[in-house]
**Q** 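Below is the structure I would like to discuss, written out as structure tokens.
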Amino acid sequence: MGDLRFVSAGEIAGLLTFPALIDALEAAFRRRITVPVRHHHALPRPDGEATLLLMPAWTAEGTEDDVLGTKLVTVFPGNGARGIESVTGLYILNSGATGEPLAVMDGRALTVWRTACASALAARYLARADASRLAIIGAGALAPYLARAHASVRPIREITVWNRTLAKAEALAETLRAEGFDARAEADRGNAIAGADIVSSATLSPQPLVEGRYLAPGQHVDLVGGFTPSMREADDEAIRRARVYVDTRAGAGKEAGDIVVPLASGVLAPEGIQGDLFELAAGTAKGRDSDAEITLFKSVGTAIEDLAAAELVWKALRSA
């Protein structure tokens, strides 16, 4: 066995690009990749319920280049009050041919990259081709990656940021301005949503923030943050008004409050889910049908995305 590589967040950022990873994710949803149900463990804590996630996946193509990987993630919502990140983790990549460990990667960095790129992949199919105004709801660690990823697939010129704490929205807007975006903070959530072509929400909110009353014809809604049945980023009216898509039917239908609750109440029928990333990538589900309709994509994450990102990083390391 060769030396085990430890790959930092900085190295990952130096090896990945948004276009390359978006393409790799699109290819991954067409490949033979085995994805067991992820382990989802609740960890009661005095400042709120934390979560431990274990997400395995492996390629099943029968070649020496097969890989397998496991992501270990912790989500501690109370960490915000401590001034530290809520989501942390590690990714362990092994040879699929021999089982030998190849690399241990910064799981948090890999997660923000692949999550943002999955949203951008969906936007390729679902956002209007001329979408130029982006609203970011939530100014956490994932938010700047969502802005960069969406801007790599659509001609984003203006970015509006809303956050419960206005100062954090202003700090993110300043970061994005330094990267060349026309970005500003917005104190009124309704104004931020109503003025956008793409609305991308990445929060851990239990209460809906993207309300259907604010949505306008032609918009694309990207829901990223909620990953349990008790989390809602969009209300029933938003679900009712939109053509709904998910990253995976199995994951979103079980874990995402934005899908689970409307399904249980009858607001959303099972056949109302128009497609997932497997079907969009394969061309068996139709994407945006007109410039006037509202589309909505709900992502809960899948180990396919992590494996594709880790494999891309590993190949870049080997060729460097």
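The first residue of the sequence shown is numbered 1, and numbering continues consecutively from there. Keep in mind that this is a model prediction, so the values were computed, not measured.
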**Q** Of all heavy-atom pairs between Gly138 and Ile136, which one has the smallest distance, and what is that distance?
**A**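 For Gly138 versus Ile136, the nearest heavy atoms are O-CG2, 3.2 Å.
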
**Q** Pair Arg108, Glu85 - check salt bridge (Lys or Arg N to Asp or Glu O under 4.0 Å), show working.
**A** CA-CA 9 Å; Arg108 179 176 166 274; Glu85 297 295 338; 3.2 Å; yes

**Q** Hey, mind stepping through Leu15 and Leu317 against side chain to side chain contact (heavy atoms under 4.5 Å, CB included) and telling me if it holds?
**A** CA-CA 8 Å; Leu15 294 166; Leu317 279 172; 3.7 Å; yes

**Q** Rounded to the nearest 0.5 Å, how far does CD1 of Ile159 lie from CD of Glu179?
**A**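 Going from CD on Glu179 over to CD1 on Ile159, the span is 8.5 Å.
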
**Q** Would you check, one step at a time, whether the test side chain to side chain contact (heavy atoms under 4.5 Å, CB included) holds for Trp162 with Asp188?
**A** CA-CA 7 Å; Trp162 179 89; Asp188 188 300; over 6 Å; no

**Q** If you measure from CD on Glu11 to CG on Asp106, what distance do you get to the nearest 0.5 Å?
**A**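 Going from CD on Glu11 over to CG on Asp106, the span is 10.0 Å.
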
**Q** Would you call Leu307 and Glu305 a side-chain contact if the rule is heavy atoms closer than 4.5 Å?
**A**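 Sidechains of Glu305 and Leu307: no contact.
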
**Q** Is there a donor-acceptor contact under 3.5 Å from the side chain of Ser319 to the main chain of Ala316?
**A**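 Confirmed, Ser319 side chain pairs with Ala316 backbone.
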
**Q** How close do Ser119 and Val224 get, heavy atom to heavy atom, and via which atoms?
**A**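 In terms of heavy atoms, the two residues are closest at OG-CG2, 3.4 Å.
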
**Q** Evaluate the criterion side-chain hydrogen bond (donor to acceptor under 3.5 Å, both in side chains) for residue pair Thr59 and Glu61; output intermediate values, then yes/no.
**A** CA-CA 6 Å; Thr59 58; Glu61 294 163 324; 4.7 Å; no

**Q** To the nearest 0.5 Å, what is the distance between CD1 on Ile156 and CG on Asp197?
**A**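 Between Ile156 CD1 and Asp197 CG, I get 7.0 Å after rounding to 0.5 Å.
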
**Q** Tell me which one of Asp222, Val199, Val221 satisfies side chain to side chain contact (heavy atoms under 4.5 Å, CB included) with Ile137.
**A**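 Considering Asp222, Val199, Val221, a side chain to side chain contact (heavy atoms under 4.5 Å, CB included) with Ile137 is found only for Val199.
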
**Q** Would you call Arg31 and Glu311 a salt bridge, taking side-chain N to carboxylate O under 4.0 Å as the test?
**A**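 Looking at Glu311 together with Arg31, the answer is yes, because their closest N to O distance falls below 4.0 Å.
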
**Q** Under 4.5 Å between side-chain heavy atoms, counting indirect links through other Ile/Leu/Val/Met/Phe/Trp/Tyr residues: same cluster for Leu25 and Ile12 or not?
**A**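 In one cluster with Leu25: Ile12, yes.
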
**Q** Would you say Trp113 and Phe6 are hydrophobically clustered, going by side-chain heavy atoms of ILVMFWY under 4.5 Å?
**A**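 In one cluster with Trp113: Phe6, no.
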
**Q** Check the hydrophobic clustering (I, L, V, M, F, W, Y; side-chain heavy atoms under 4.5 Å; chains of links allowed) and say if Leu110 and Leu146 are grouped together.
**A**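 Yes; tracing contacts between hydrophobic side chains, which count when under 4.5 Å, links both residues.
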
**Q** So which heavy atom on Leu134 is nearest to which on Ser200, and how close?
**A**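 So the two residues come closest at CD1-CB, 4.2 Å.
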
**Q** For Arg128, does its backbone N or O pair with a side-chain atom of Asp291 as donor and acceptor, under 3.5 Å?
**A**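 Such a contact is absent between Asp291 side chain and Arg128 backbone.
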
**Q** Taking the ring of Phe29 and the ring of Phe278, is the distance between their centroids below 6.0 Å?
**A**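 When the ring centroids of Phe278 and Phe29 are compared, they turn out to be within the sub-6.0 Å range.
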
**Q** Say whether Ile259 and Leu209 are linked into one hydrophobic cluster, either directly or through other cluster members, by side-chain heavy-atom distances under 4.5 angstrom.
**A**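 Yes, it is one cluster - the side chains of Ile259 and Leu209 are joined through contacts under 4.5 Å.
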
**Q** Indicate yes or no for a side-chain donor-acceptor contact from Thr115 to the backbone of Val112 under 3.5 Å, with no hydrogens or angles considered.
**A**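 Not at all, since once roles are kept as given, no pair shorter than 3.5 Å links the two residues.
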
**Q** Using 4.0 Å as the upper bound for N to carboxylate O, is an ion pair formed by Asp289 and Lys286?
**A**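 The answer is yes: the pair qualifies as a salt bridge.
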
**Q** Apply the test side chain to side chain contact (heavy atoms under 4.5 Å, CB included) to residues Val261 and Arg232: give CA-CA distance (whole Å), side-chain angles for both, the deciding distance (0.1 Å), then the verdict.
**A** CA-CA 9 Å; Val261 175; Arg232 289 290 301 268; 3.3 Å; yes

**Q** Between Pro270 and Leu263, is any pair of side-chain heavy atoms under 4.5 Å apart?
**A**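 Heavy-atom side-chain distance check passes, below 4.5 Å.
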
**Q** Any side-chain heavy atom of Leu102 within less than 4.5 Å of one from Leu4?
**A**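 Not in contact.
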
**Q** Under a 3.5 Å distance rule, please check whether Ser290 uses its side chain to pair with a backbone N or O of Ala292 as donor and acceptor.
**A**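 Present.
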
**Q** Please determine whether a side-chain nitrogen of the Lys or Arg among Glu170 and Arg184 lies less than 4.0 Å from a carboxylate oxygen of the Asp or Glu.
**A**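 Salt bridge: no.
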
**Q** Find out whether Arg38 and Glu255 are in side-chain contact, i.e. whether some heavy atom of one side chain is under 4.5 Å from a heavy atom of the other.
**A**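 Touching, per the 4.5 Å side-chain cut-off.
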
**Q** With a cut-off of 6.0 Å (strictly less than), are more than 12 heavy atoms of other residues, nucleotides or ligands near CZ of Arg318?
**A**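 No - once you tally the heavy atoms of other residues, nucleotides and ligands closer than 6.0 Å, there are 12 at most.
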
**Q** Taking all non-hydrogen atoms of both residues, which atom of Ala310 and which atom of Tyr91 are closest, and how far apart?
**A**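 Taking every non-hydrogen atom into account, CB-CE2, 3.4 Å.
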
**Q** Measuring from atom CG of Leu93 to atom CG of Leu68, what distance do you get when rounded to the nearest 0.5 angstrom?
**A**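 Leu93 atom CG to Leu68 atom CG measures 7.5 Å (nearest 0.5 Å).
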
**Q** Check whether the side chains of Glu26 and Tyr125 place a donor and an acceptor atom closer than 3.5 Å, and report yes or no.
**A**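 Tyr125 and Glu26 do have a side-chain donor-acceptor pair below 3.5 Å.
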
**Q** Can you find a pair of side-chain heavy atoms, one from Tyr245 and one from Glu279, that are under 4.5 Å apart?
**A**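 Result no, sub-4.5 Å side-chain heavy-atom pair not found.
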
**Q** Distance-only, no hydrogens or angles: does the Arg45 side chain make a donor-acceptor pair with backbone N or O of Asp47 under 3.5 Å?
**A**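 No, because the side chain of Arg45 does not come within donor-acceptor range (under 3.5 Å) of the backbone of Asp47.
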
**Q** Report yes or no: do Arg243 and Thr295 form a side-chain donor-acceptor pair below 3.5 Å?
**A**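 Result is no, nothing qualifies.
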
**Q** Looking at CZ of Arg288 and CD1 of Ile294, how far apart are the two atoms once the value is rounded to the nearest 0.5 Å?
**A**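 Rounded to the nearest 0.5 Å, the CZ-CD1 separation comes out at 9.0 Å.
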
**Q** Salt bridge between Arg124 and Asp23, side-chain N to carboxylate O under 4.0 Å?
**A**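 Answer for the salt bridge query: yes.
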
**Q** Apply the test side chain to side chain contact (heavy atoms under 4.5 Å, CB included) to residues Asp247 and Lys298: give CA-CA distance (whole Å), side-chain angles for both, the deciding distance (0.1 Å), then the verdict.
**A** CA-CA 6 Å; Asp247 55 353; Lys298 175 56 198 163; over 6 Å; no

**Q** Could you tell me if Ser205 and Gln207 have a donor-acceptor pair between their side chains, going purely by distance under 3.5 Å?
**A**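 Result is no, nothing qualifies.
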
**Q** Regarding Thr203 and Glu233, do their side chains bring together a donor and an acceptor under 3.5 Å, going by distance alone?
**A**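 Yes - a donor-acceptor pair under 3.5 Å links their side chains.
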
**Q** Answer yes or no: is there an ion pair linking Arg177 with Glu174, defined by an N-O contact shorter than 4.0 Å?
**A**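 Salt bridge absent between Arg177 and Glu174.
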
**Q** Under 4.5 Å between side-chain heavy atoms, counting indirect links through other Ile/Leu/Val/Met/Phe/Trp/Tyr residues: same cluster for Ile193 and Leu172 or not?
**A**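 Each belongs to a different hydrophobic cluster.
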
**Q** Identify the two heavy atoms, one from Phe297 and one from Ala118, that lie closest to each other, and give their separation to 0.1 Å.
**A**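 Shortest heavy-atom contact: CE2-O, 4.1 Å.
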
**Q** Does Arg154 reach the main-chain N or O of Ser132 with its side chain, forming a donor-acceptor pair under 3.5 Å?
**A**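 Such a contact is absent between Arg154 side chain and Ser132 backbone.
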
**Q** Please give me the minimum heavy-atom distance between Leu21 and Cys117, naming the atom from each residue.
**A**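 Closest heavy-atom pair between Leu21 and Cys117: CD2-SG, 3.7 Å.
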
**Q** Using distance alone, with no hydrogens and no angle criterion, decide if Asn79 and Ser86 have a side-chain donor and acceptor under 3.5 Å apart.
**A**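 Side-chain D/A pair, Asn79 to Ser86: absent.
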
**Q** Report, as yes or no, whether the 6.0 Å neighbourhood of atom CZ on Arg157 holds more than 12 heavy atoms from other residues, nucleotides or ligands.
**A**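 No - once you tally the heavy atoms of other residues, nucleotides and ligands closer than 6.0 Å, there are 12 at most.
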
**Q** Strictly by modelled atom types, are Thr74 and Thr88 linked by a side-chain donor-acceptor pair under 3.5 Å?
**A**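 Yes, a side-chain donor-acceptor pair sits under 3.5 Å.
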
**Q** Measuring only between side-chain heavy atoms, which start at C-beta, is Met105 closer than 4.5 Å to Lys71?
**A**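 No; the side chains remain at least 4.5 Å from each other.
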
**Q** Could you check whether any side-chain heavy atom of Thr228 comes within less than 4.5 Å of a side-chain heavy atom of His40, counting everything from C-beta outward?
**A**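 Result yes, sub-4.5 Å side-chain heavy-atom pair found.
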
**Q** Using modelled atom types only, decide if a donor and an acceptor are shared between the side chain of Asn163 and the backbone of Leu166 within a distance under 3.5 Å.
**A**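 Side chain of Asn163 to backbone of Leu166: no pair is present.
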
**Q** Would you compute the distance between atom OG of Ser152 and atom CD1 of Ile22 and round it to the nearest 0.5 angstrom?
**A**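 Ser152 OG to Ile22 CD1: 3.5 Å, rounded to 0.5 Å.
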
**Q** Test your reading of the model: is there a side-chain donor-acceptor pair from Asp276 to the backbone of Val246, 3.5 Å cut-off?
**A**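 The answer is no, because no donor-acceptor pair under 3.5 Å joins these two groups.
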
**Q** Please check this pair: side chain of Thr165 against backbone of Ala167, looking for a donor-acceptor N/O pair closer than 3.5 Å.
**A**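 Not a single qualifying donor-acceptor pair exists.
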
**Q** Looking at Arg30 and Ala281, would you say the former's side chain and the latter's main chain have a donor-acceptor pair under 3.5 Å?
**A**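 Yes: the side chain of Arg30 pairs with the backbone of Ala281.
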
**Q** With a 4.5 Å cut-off on side-chain heavy atoms, are Ser299 and Leu223 touching?
**A**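 Side-chain contact under 4.5 Å: no.
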
**Q** If the threshold is 4.0 Å, N to carboxylate O, is there a salt bridge linking Arg241 and Glu211?
**A**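 A salt bridge is absent here (no side-chain N lies under 4.0 Å from a carboxylate O).
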
